[in-house]
Amino acid sequence: IVKIVLYDLSILPTTFDFACTAVIAKSMGYEEVMFLVDKPMTTWKYPADIGWRRWANILVPMCRLADLSFSVGCSHNASGDVFGYTTGHVVEVFKKTGKITKLKNVPLTENGYVTITMRQSFRNRWRNSNIPEWEKVAKWLGDRGENVVILEEAEHQPMSLEYRMALYCNAKMNLAVGNGPMVLCWLSEAPYLSFQLPKGPEKEYNNLVQQWENMKFPVGSQLPWKTDKQEIVWGPDDFETITSHYNKHFPIAEKLTQVL
């Protein structure tokens with residue numbers, strides 16, 4: 001009997017958060033995700049047309065990255081289980097079982113570059129990437145001899161999820177503010193420095209802190225399965241914060257610094 005996870009598109013979001021559901025499903029021995037499509041698409045995060053597009057561009061290929069099959073069905077006769085879709089839900093599974101099945105590594109001919117993923121969303125604009133600071137970071141990395149690859153969150157012009165995953169998997173480091181695509185790194189072996197607390201209006205900032213608390217992954221937490229090249233930075237995406245954490249992972253020898 002195939003173990004099936006149900007994902008109701010009239011209730012649950014068509015965001016990168018679905019990666020959490022997919023990883024939980026695979027970790028718990030499930031083989032298939034059934035998307036329930038008989039009711040109107042939920043609009044609490046996006047208009048329905050954007051939701052359907054994101055379902056096709058993000059959720060369906062995410063099943064492949066998690067090594068799950070998928071199907072569509074109707075809620076009145078569907079049979080299966082429902083899992084959460086937050087980071088906290090994945091951490092709970094890890095604490096109970098001592099392991100998770102991570103998203104698959106995707107090979108790529110190129111490697112050794114540094115990616116910067118820019119968030120420029122119409123939602124919660126205050127959490128978007130600090131473009132002037134990231135431009136300084138890109139120049140700083142270039143001056144160090146790094147090959148820098150700038151990626152967009154691709155809200156309006158989606159890029160292949162598998163190709164994005166390949167870029168992350170084969171990078172020397174992946175840098176970004178908190179955004180959807182970074183979950184691909186959080187739930188895989190891809191390296192990352194993820195800057196999760198941007199500077200913003202006090203009310204919105206406090207709400208974001210509370211949101212992490214509600215997910216049972218409060219500010220200051222690190223993923224228990226992280227590698228040495230994976231770190232969540234609970235601070236803003238300013239030049240000093242980004243470069244100091246990058247230096248911590250990739251220090252330049254003191255002698256070389258003096259020569260420069």
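Here, residue 1 is the first one in the sequence, and each next residue gets the next number. Atom set for the values below is all heavy atoms of this structure, side chains included, hydrogens, waters and symmetry mates excluded.
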*Hydrophobic cluster identity match, Val5 and Val82, side-chain contacts under 4.5 Å*: no
Any side-chain heavy-atom pair from [X] and [Y] closer than 4.5 angstrom?
X	Y	answer
Val93	Met28	yes
Thr42	Ile11	no
Val106	Tyr163	no
Ile232	Tyr192	yes

Distance in Å, [X] [atom1] paired with [Y] [atom2], rounded so as to fall on 0.5 Å steps:
X	Y	atom1	atom2	answer
Glu146	Lys172	CD	NZ	3.5 Å
Trp134	Ile150	CH2	CD1	9.0 Å
Met173	Cys185	CE	SG	9.5 Å
Leu68	Met34	CG	CE	13.5 Å
Asp17	Met62	CG	CE	9.0 Å

Measure from the side-chain N and O atoms of [X] to the backbone N and O of [Y], and report whether any donor-acceptor pair falls under 3.5 Å.
X	Y	answer
Asp237	Val177	no
Lys99	Phe94	no
Asn174	Tyr168	yes
Ser27	Val23	yes

*Plane angle bin for His89 and Tyr85 - parallel if under 30°, tilted between 30 and 60°, otherwise perpendicular*: tilted
Do you see a donor-acceptor pair shorter than 3.5 Å between the side chains of [X] and [Y]?
X	Y	value
Thr241	Asp238	yes
Thr227	Glu189	no
Asn214	Gln210	yes

*Might you confirm whether atom NZ of Lys3 has over 12 heavy atoms from other residues, nucleotides or ligands at distances under 6.0 Å?*
yes
*Within 6.0 angstrom of Asp143 CG, more than 12 heavy atoms from elsewhere*: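 Yes, CG of Asp143 has more than 12 neighbouring heavy atoms, counting only those of other groups under 6.0 Å.
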Shortest non-hydrogen separation from [X] to [Y] and the atoms involved:
X	Y	value
Ser188	Gln230	O-NE2, 2.9 Å
Thr87	Cys20	N-SG, 3.7 Å
Tyr7	Val33	CB-CG1, 4.1 Å
Lys26	Asp67	NZ-O, 3.1 Å
Leu59	Thr15	CD1-O, 3.7 Å
Thr115	Leu167	CG2-O, 4.3 Å

*Name all residues meeting the ring-ring contact (aromatic ring centres under 6.0 Å, His included) criterion together with Tyr30; count only those two or more places apart in sequence or in a different chain, and write none if there are none.*
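If we apply the ring-ring contact (aromatic ring centres under 6.0 Å, His included) test to Tyr30, skipping adjacent residues, the hits are Phe83.
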*What residues form a ring-ring contact (aromatic ring centres under 6.0 Å, His included) with Tyr246, not counting sequence neighbours?*
Trp140, Phe250
*Please lay out, stage by stage, how Leu9 and Leu36 fare under the test side-chain contact (heavy atoms from CB on, under 4.5 Å).*
CA-CA 6 Å; Leu9 296 181; Leu36 303 181; over 6 Å; no
*Below 6.0 angstrom between ring centroids: does that apply to Phe35 and Phe18?*
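Ring centres of Phe18 and Phe35 closer than 6.0 Å.
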Is [X] salt-bridged to [Y], cutoff N-O under 4.0 Å?
X	Y	value
Glu162	Arg64	yes
Lys248	Glu231	yes
Glu133	Lys136	yes
Asp49	Arg53	no

*Please lay out, stage by stage, how Tyr46 and Met41 fare under the test side-chain contact (heavy atoms from CB on, under 4.5 Å).*
CA-CA 9 Å; Tyr46 302 98; Met41 168 70 73; over 6 Å; no
*Test side-chain contact (heavy atoms from CB on, under 4.5 Å) applied to Val90 and Phe217, step by step*: CA-CA 10 Å; Val90 187; Phe217 193 71; over 6 Å; no
*Start with the C-alpha gap between Ile131 and Met118, add the side-chain angles, then the distance that decides, and say whether side-chain contact (heavy atoms from CB on, under 4.5 Å) holds.*
CA-CA 8 Å; Ile131 301 297; Met118 297 294 196; 3.9 Å; yes
